[in-house]
Number of protein chains: 2
Amino acid sequence: MTAAKLIELWRGGIRESTHLGHVVIADGNGIIEAWGDPGAVIFPRSSCKMIQALPLIESGAADAAGLGPDHLALACASHNGAAIHTGRVTSWLSGLGLAEGDLRCGAHLPKDPEEHRRLICTDSAPCQIHNNCSGKHAGFLTLNRHLGGGAEYVELDHPVQQAVRGAFEEVTGEVSAGWGVDGCSAPNFACTVEGLARAMAAFAAPGGGLRGDAQRRLVQAMMTHPELVAGEGRACTELMRAARGRAALKTGAEAVFVGIVPERGLGIALKVTDGGTRGSEAAITALLVHLGILAEGDPVVQKYLTGAQRNWRGLVTGELRRASGFPL
Amino acid sequence: MTAAKLIELWRGGIRESTHLGHVVIADGNGIIEAWGDPGAVIFPRSSCKMIQALPLIESGAADAAGLGPDHLALACASHNGAAIHTGRVTSWLSGLGLAEGDLRCGAHLPKDPEEHRRLICTDSAPCQIHNNCSGKHAGFLTLNRHLGGGAEYVELDHPVQQAVRGAFEEVTGEVSAGWGVDGCSAPNFACTVEGLARAMAAFAAPGGGLRGDAQRRLVQAMMTHPELVAGEGRACTELMRAARGRAALKTGAEAVFVGIVPERGLGIALKVTDGGTRGSEAAITALLVHLGILAEGDPVVQKYLTGAQRNWRGLVTGELRRASGFPL
């Protein structure tokens, strides 16, 4: 099956650009709705951080280290590198007797405008704690201390990544079709869009035992701390705030987005095939309206989907539209 | 006809993302090669700036104002707002007895890292001269002084835009299917990908008379001053430098790219339908290799197409690939 038309950019009454993709909404029994090919193999990228955090809790490492919901939210985050993120990661590492140099995520300039400006204007280099994945990596290091593994915790055969792979294959219900190196150097395991939606549905309706408890805590942490999962001005944060505790949401590079809707036991997974974030942010927004989580007139729906596109002088240049058949 | 697969991103041996699009290579007699739908209607956006500059020369306005090849290159540019761009636009306007406030392109932070940093770190706002289209608008103002039009030169019925529309429809060989407001507030006229390639072929093999002279001067100006057409680190500049006077190239927003190859009388036009610049830059690079303008091993070919994708730690994460059937 080919990708479905999801989101279009219109200008002057003419369709200028089109985002295609694959979308699955699932519950514990399987697919509820789908567009495109549910069997398409994708890399979830950062959208699966809550899956990567399962061994952190299930092993007992999180509790042994005294992690709170804020730490768990950061473990699931692609954060802006603002003070609220970097401060917590710094003290988290320090509590483990570790430091920035123990991370293996690499350094990049943070998206947070204030910290970005501070670094640029003081001629300072960003460090690995600024990396949007530093919370996930602090989680890896916490698990690693518990497991007693070696320092190179992002290698595929390291106990940390083997634990992640095990959890990933269990919640997606699939043997991973392969793996790639992620932007943060950790392995990222491939799955189908359906498998990723199935995993999100499991987070939406957790069962008993260690797994269910870990899923419940991670979803609650994300919804309690939307500002830690991304940051000011970012889609995950703004959409979760607008959802007011009714959905946990997470983006991934190359235009992946997942949603967890506990009140209906639903999991959402989508991949815009061109990898463009504009399309995935608009598509998840359309689905949240479709499911009744957000109202059509909500300011965040306008920001990511229905609002006018404007140029540097504020003139209206066009608009995004849901493609015919999506999501209705 | 649907869009063709052009460029793919691969990670860990799995195709992660795909860019579709429409591509036409034409000469004065019509289509030589095509992928996707040559009849697809697109907005050329900034890729048609050399068309928008035709009336500037043909009217006699450019010569009356004493414009050199550097000014003509800037009229065709989406520049970085570096000192080499803003300095020339400032003195150009001053020579017309005009100033920044006469522009109607709006202000945005420049891409040039040095000027960007200066503005950010001195708490200064960018001005309209920083706008990547300020050279095109200085050209509009030059034409406007010659035509004696009113101050609002970006309005659709203004003599400047009517002259642009006339030239656009003549060189594309089409009645424009519509128009939209561009990022810089000027009207942008729609055409087919074939029409845009036909126009570029006309620039590649100009005839006699005013039109041919203007086309020849604009192509020569772009190839003589690749640094003015975009800026350091940008695809238009780097690819034109590597082509060493064998091609004039111009990008446009929402993933349009055009090429002019005088030695073979060829025009190229392409639109990646998702609007992602990664795809259009890779696709034009593939076409330049296909036409023998660039060598497969050229560093710019590696940068925009064949080189490894690396993450923050320098690890290889994947690669871009030409999709099967493109361009061979």
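All values below come from the heavy atoms of this structure, side chains included, with hydrogens, waters and symmetry mates left out. A, B, ... follow the sequence lines: proteins, then strands. Residue 1 opens every chain.
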Fill in the blank from the handout: Separation between CG (D123(B)) and CZ (R117(A)), nearest 0.5 Å, reads 4.5 Å

Problem - Min side-chain heavy-atom separation V181(A)-R313(B) under 4.5 Å - result: no

Handout entry: Other residues, nucleotides, ligands: >12 heavy atoms within 6.0 Å of E319(B) CD
Key = yes

Exercise for the section: Could you look at R278(A) and say if it's the side chain, the backbone, both or neither that has a heavy atom under 4.5 Å from chain B? Expected result: side chain

Completion exercise
Distance col, row T273(A):OG1 vs D274(B):CG, nearest 0.5 angstrom, shows 7.5 Å

Problem - A107(A) versus chain B, the contacting section by heavy-atom distance below 4.5 Å - result: backbone

Practice task
Sort out for me which of Q309(B), H19(B), R15(B), H116(B) touches chain A most, counting heavy-atom pairs under 4.5 Å.
Solution key: H19(B)

Handout entry: For E16(A) against F43(B), the heavy-atom pair lying closest together
Key = OE2-CB, 3.6 Å

Practice task
Sort I120(A) into side chain, backbone, both or neither according to what part of it lies under 4.5 angstrom from a heavy atom of chain B.
Solution key: both

Problem - Gap separating the CZ atom of R104(A) from the CG atom of L315(B), nearest 0.5 angstrom - result: 11.0 Å

Fill in the blank from the handout: Taken to the nearest 0.5 Å, the spacing of W312(A) CH2 from D182(B) CG works out to 12.0 Å

Problem - Contact winner vs chain B - G276(A), A255(A), S185(A), heavy-atom pairs under 4.5 Å - result: S185(A)

Problem - Heavy atoms from other residues, nucleotides or ligands near NZ of K5(A) exceed 12 (cutoff 6.0 Å) - result: no

Completion exercise
One option among G183(B), G106(B), P187(B), A40(B) has the most heavy-atom pairs under 4.5 Å with chain A, and it is G183(B)

Problem - Expected output: side-chain K271(A) to main-chain S17(B) donor-acceptor under 3.5 Å - result: no

Exercise for the section: Against chain B, label L20(A) side chain, backbone, both or neither, depending on which of its atoms sit under 4.5 Å from a heavy atom there. Expected result: side chain

Handout entry: Over 12 foreign heavy atoms within 6.0 Å of CD, E152(B)
Key = yes

Exercise for the section: May I ask you to name which of T18(B), T122(B), L9(B) has the most heavy-atom pairs under 4.5 Å with chain A? Expected result: T18(B)

Completion exercise
For I14(B) and A190(A) the tightest heavy-atom approach is CD1-CB, 3.7 Å

Practice task
Could you tell me which portion of R45(A) (side chain, backbone, both or neither) has an atom closer than 4.5 angstrom to a non-hydrogen atom of chain B?
Solution key: side chain

Problem - Residue part contacting chain B, namely of V256(A), when any heavy atom lies under 4.5 Å - result: neither

Exercise for the section: Name the region of N188(A), side chain, backbone, both or neither, that has any atom closer than 4.5 Å to a heavy atom of chain B. Expected result: neither

